[in-house]
Amino acid sequence: MHVKRVIPCLDVKEGRVVKGTRFVDLRDAGDPVELAEHYDREGADELVFLDINASHEGRATIVDVAAKTAERVFIPFTVGGGIRTVDDIRSLLRAGADKVSVNSAAVKDPELIRRAADMFGSQCIVVAIDARRKRSGEGVSGWEVLIHGGRIQTGLDVLEWVDKVQEYGAGELLVTSMDADGTKGGYDNELNAAIASRSSIPLIASGGAGELSHLRDAILEGHADAVLAASIFHFGEYSISEVKSYLRQCGIPVRIEEGL
Amino acid sequence: MIGIIDYGAGNLRSVYNGLKAVGCECRATSDPAELGSFAALVVPGVGAFAQAMARLRALSLVDPLLGFIGSGKPVLGICLGLQILMEASDESDSGAKQDGSTGLGVLRGRVRRLPGGQKVPQIGWNSVRFLTRDDPLFTGLSSGAFFYFVHSYYVDPEDTAVVSCRCTYGADFAAGIRLGNVHAVQFHPEKSGRNGLTVLRNFGRLIER
């Protein structure tokens, strides 16, 4: 039974987790490795580390986080944020990251996807897409790709970009709705369903999770293969195991190990 | 000491970390002359079949590896390290040499592509059914345990008696084989959480002390 994945996202700045965490079993709630171990214990299927405001000098820090995580956490993890070059990707994979996610750099130079996929295999190249519904106007529909954390419009149509990144060798898509992100009002299922209907690679839905039903809907209505969330996990609103029990009750196949 | 064959086929670090975490001494190696000195070998692997075989040949590791298998000491193939045990693969590769689709031939049969109708590669967790109760690699685990898979191809051995566990993704396929001292799995024990570490620990215990 192939299962849907539940993925907590950890925002990391200069080697520290920036969003609040309230877990009693952590000695140091700001330590990304401790938090990763916590989520592993709870039954997370994968982890995503997002290196926010990653400066060139800051790269060494996230590589170190990847290396320390790989020594102590034995589920797959992805590192994203500020990745610009094949060398950035190589150093993270060598440190022990299973996948990297590229966003702005891929928009500026789509060949980066092809070069990285050729060199390291498509399975470890995740393309992250920040999508925003096009502003209303006569005959305007669909979503636009934003970059640099949603600050810059590209004019690129999301669905066309999805086609292109697949052609270039992306192994997975991590799609964040910039309309839904931070609202806790649910994922943009229309966006995710539109992407899922035309892609043959797994889709990780992100942005908007506030309630358990939102994760269910992302899978059932948005046809996502995996659901990513940050704040609902970090603030202890829901544990990973609560999410999974709920999804299983909804008839969605998930990984629940006996004794966990 | 467990040798992890380093033939440029990725994820060595994860396998190393996993074995260390369960208390196994291990070291990466690509030196054909020293393979025989290890108590056990792990053949990891992510990537393309033809390139992996070409790298093994270029490093002169094929004969020492077959020799090690013949010695009766424990061997664990992971993912591509399972697939290259077969005679041949359907995986086409534009950069392949003429003999690029020829495997080690430890097992009769081919490597085949996962059927269409669902997303390929399979990326994610899947439950695995153990076919026997006495496979020492799976001691302490229950049939139906979850493991992490990343693959587009699977092995189809002619002798189905070697299949130790099965999995379903679009179709039923062999998730692992055992032929005497040779154990191999399609999933990644080094990325399969507690279950995966159990497999690695069990493998370490196969070493005769």
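Just so we're on the same page: letters track the sequence lines, and every chain starts at 1.
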Choice from A/G121, A/P253, A/S200 maximising heavy atom contacts with chain B below 4.5 Å: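 Sorted descending by pairs with chain B, the first entry is A/S200.
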Choice from A/A67, A/G171, A/A95 maximising heavy atom contacts with chain B below 4.5 Å: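 So the answer, after comparing A/A67, A/G171, A/A95, is A/A95.
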When you check the gap from the basic side-chain N to the acidic O, do [X] and [Y] get nearer than 4.0 Å?
X: B/D172; Y: B/R129; value: yes
X: A/D87; Y: A/R90; value: yes
X: A/E167; Y: A/K164; value: no
X: B/E91; Y: B/R110; value: no

Given A/I195, A/V158, A/V175, the one that forms side-chain contact (heavy atoms from CB on, under 4.5 Å) with A/W143: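 For A/W143, the side-chain contact (heavy atoms from CB on, under 4.5 Å) check succeeds only for A/V158.
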Aromatic ring pairing B/F149/B/F173, orientation class (parallel under 30°, perpendicular over 60°, tilted between):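 It falls in the perpendicular class, over 60°.
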Chain B contact via A/I201 - side chain, backbone, both or neither, heavy atoms under 4.5 Å: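 Backbone of A/I201 only, per the 4.5 Å heavy-atom cut-off to chain B.
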Structural part of A/A226 lying under 4.5 Å from a heavy atom of chain B: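 No part of A/A226 comes within 4.5 Å of chain B.
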Which answer fits [X], side chain, backbone, both or neither, if we ask what part of it has an atom under 4.5 Å from a heavy atom of chain A?
X: B/L197; result: side chain
X: B/F146; result: both
X: B/V128; result: neither

